[in-house]
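Before any comments, here is the structure.
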Amino acid sequence: MSTKVRSAAPRHARTVSYGRVRGVYLPRLADAAASSMATYGIPLLVLSTTNSSSLTGAAFMLAWAPRLCTFSLAGMAVDRFGPARVFRLAASARALVGGLAVPALAMADDRTASSLVMLLAACAGCLTQFSFIAAESVGAMASRDAGDGAHRVQSVLLGIDQAAALVGPAAGGLLLQWGGSSGMLLVISAMSLLSAAIAPGSRQSPPQPPEATGPAARGWRTGWSTLRALPTLAWLVTGLALSNLALGLLEAATPVIVVQELGQSSASVGLVWSCAAVASLLAVATSRVAIDRWGLTRVGRCAALVAIVPCFLIAHADSYPAYLILAALFLAGDSVLAVVLRTLRSHLIPAEVFGSTLSVTVLILLVPYPLAGVLMAVVEPGAIRTVITICAALQCLGLLCAFTLGTRPRPRHGKHRR
């Protein structure tokens, strides 16, 4: 299995790609920045409003649970109404929710404010899922238009997402510290409104009728059966799901650990994730060369080790610099594992059932995030580091199985291994 792309994009493909910068890249950048600030900034807002680690964990859960519930709804909406329309509506709705939350929080008392920020977390998570699915669909359309230059379009889109992950957490933390909740929410609303305003018009063919797509239950059954028939992919998805449980708990617990235990500011929380995004960006940039030289399995095992060790050590970090470095290493290893997953997924899943199988794998990988929020909500603050250690042990077990049981020679799928 080779991951090299040797063909250069023709001139017309480059023209299509560059000509769609305003139509695809800029809306994706604005939406990704708004989503990143909402994902990392709203838990900080909950902590600053309620001063409760349990409610912070509950807000994290509420931000992720709607994504699981609306995953299939977002896909069906995109198929029925078109990705451009769904993208504009979701971004506009997020701008409206954020704008209405500003005066509502200003006039609310402490108890009402707590309820409002929890509701805000749920609404932001739901709308972010719709805009994400729609943006991914628009990006896929641009890739098809680019022909042989599709990989160039996808590399730009991946760079946009990583840049947003780099800037969003730090921007959210700084805005919350210096501008308060109003400043952060107004910026999120402005970025959402901008992405809706510059989103491309609908150019796709008329959507297929529901009968042409088949029942949703049939798609789920197809995805499950396909995933079970690909043990290499199934073990890796299982290992990464357990790794996401540790990552989700770390994301939910970081505001509490950094602010309350290590005595840092909310801006320092954003700096943790910004440094982690830099490490992830560098890791992804070097992973292609490493995979070409040493193979997918060897690079995956090294990445798993890089993710496992910091996850164990971070539970015992007693200083802010150590916590920041370990979090960055963890995210770097996790990002390379994501590259391994995407590569295996593209090579192993048959094209005719790719969509249904992709939906199942994404659902499995997202389920741990609301579970991490539940753990944060029910665990006492003093026991958070112990729970992180337990999740690190589960992550170690899952990735160990993925790169031992999942890489055993199998005659039927042996041609797919590196």
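Under the 4.5 Å side-chain criterion, counting only non-hydrogen atoms from C-beta, Val259 is in contact with Val269. Residues Phe403 and Leu337 meet the side-chain proximity criterion, which asks for heavy atoms closer than 4.5 Å. Using a 4.5 Å cut-off on side-chain heavy atoms (C-beta onward), Asp31 and Thr128 make no contact. Counting heavy atoms from C-beta outward, Gln395 and Ile308 have side chains that approach closer than 4.5 Å. Here the side chains of Thr389 and His316 are in contact, with some heavy-atom distance below 4.5 Å. The closest side-chain heavy-atom distance from Leu185 to Leu105 is below 4.5 Å. Annotation: side chain of Ser189 is not in contact with side chain of Val102 (no heavy-atom distance under 4.5 Å). When side chains are defined from C-beta on, Leu119 counts as touching Cys123, because their heavy atoms get closer than 4.5 Å.
Between Ala196 and Ala91, the shortest heavy-atom distance links the atoms CB-CB, 3.8 Å. The two atoms that bring Ala283 and Ala332 nearest to each other are CB-O, 3.7 Å, heavy atoms only. Nearest heavy-atom pair, Ser280 versus Leu331, reported as atom, atom and distance to 0.1 Å: OG-O, 3.3 Å. Between Ala104 and Leu116, the shortest heavy-atom distance links the atoms O-CD1, 3.7 Å. Here the closest non-hydrogen pair linking Met184 and Gly172 is SD-O, 3.8 Å. Nearest approach of Phe312 to Cys396, heavy atoms of both residues: CE1-CB, 4.1 Å.
Atom CH2 of residue Trp273 and atom CG of residue Leu271 lie 12.0 Å apart, to the nearest 0.5 angstrom. How far CH2 of Trp235 is from CG of Leu399: 12.0 Å, rounded to the nearest 0.5 Å. Separating the CG atom in Leu242 from the CG atom in Leu247 is a distance of 12.5 Å, to the nearest 0.5 Å. Atom CG of residue Asp318 and atom CD1 of residue Ile257 lie 12.0 Å apart, to the nearest 0.5 angstrom. Note: Gln260 CD to Ile384 CD1 = 8.0 Å, rounded to the nearest 0.5 Å. Here the CG-OH distance, from Leu250 to Tyr323, works out to 4.0 Å after rounding to the nearest 0.5 Å.
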Problem set entry | Trp224 vs Ile364, side-chain contact (heavy atoms from CB on, under 4.5 Å): CA-CA, chis, key distance, verdict | CA-CA 11 Å; Trp224 279 113; Ile364 294 173; 3.8 Å; yes
For this session: For the pair Val339 and Val299, evaluate side-chain contact (heavy atoms from CB on, under 4.5 Å) and give the outcome as yes or no after the intermediate values.
Result: CA-CA 10 Å; Val339 174; Val299 173; over 6 Å; no
Exercise. Passes side-chain contact (heavy atoms from CB on, under 4.5 Å), Leu262 versus Ser268? Steps please.
Worked result: CA-CA 10 Å; Leu262 301 181; Ser268 300; over 6 Å; no
Problem set entry | Step-by-step side-chain contact (heavy atoms from CB on, under 4.5 Å) determination, Tyr369 to Glu251 | CA-CA 9 Å; Tyr369 286 98; Glu251 290 181 357; 3.9 Å; yes
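Among Leu249, Leu394, Asn244, the single residue meeting the side chain to side chain contact (heavy atoms under 4.5 Å, CB included) criterion with Pro368 is Asn244. With Leu341 as reference, Leu365 is the one residue of Val336, Leu365, Thr361 to meet the side chain to side chain contact (heavy atoms under 4.5 Å, CB included) rule.
Looking at Ser195, its side chain does come within 3.5 Å of a backbone N or O of Ser192 through a donor-acceptor pair. For the pair Ser92 (side chain) and Arg88 (backbone), a donor-acceptor distance under 3.5 Å is present. Proximity of a side-chain donor or acceptor of Arg385 to a complementary backbone N or O of Ala317 within less than 3.5 Å is detected.
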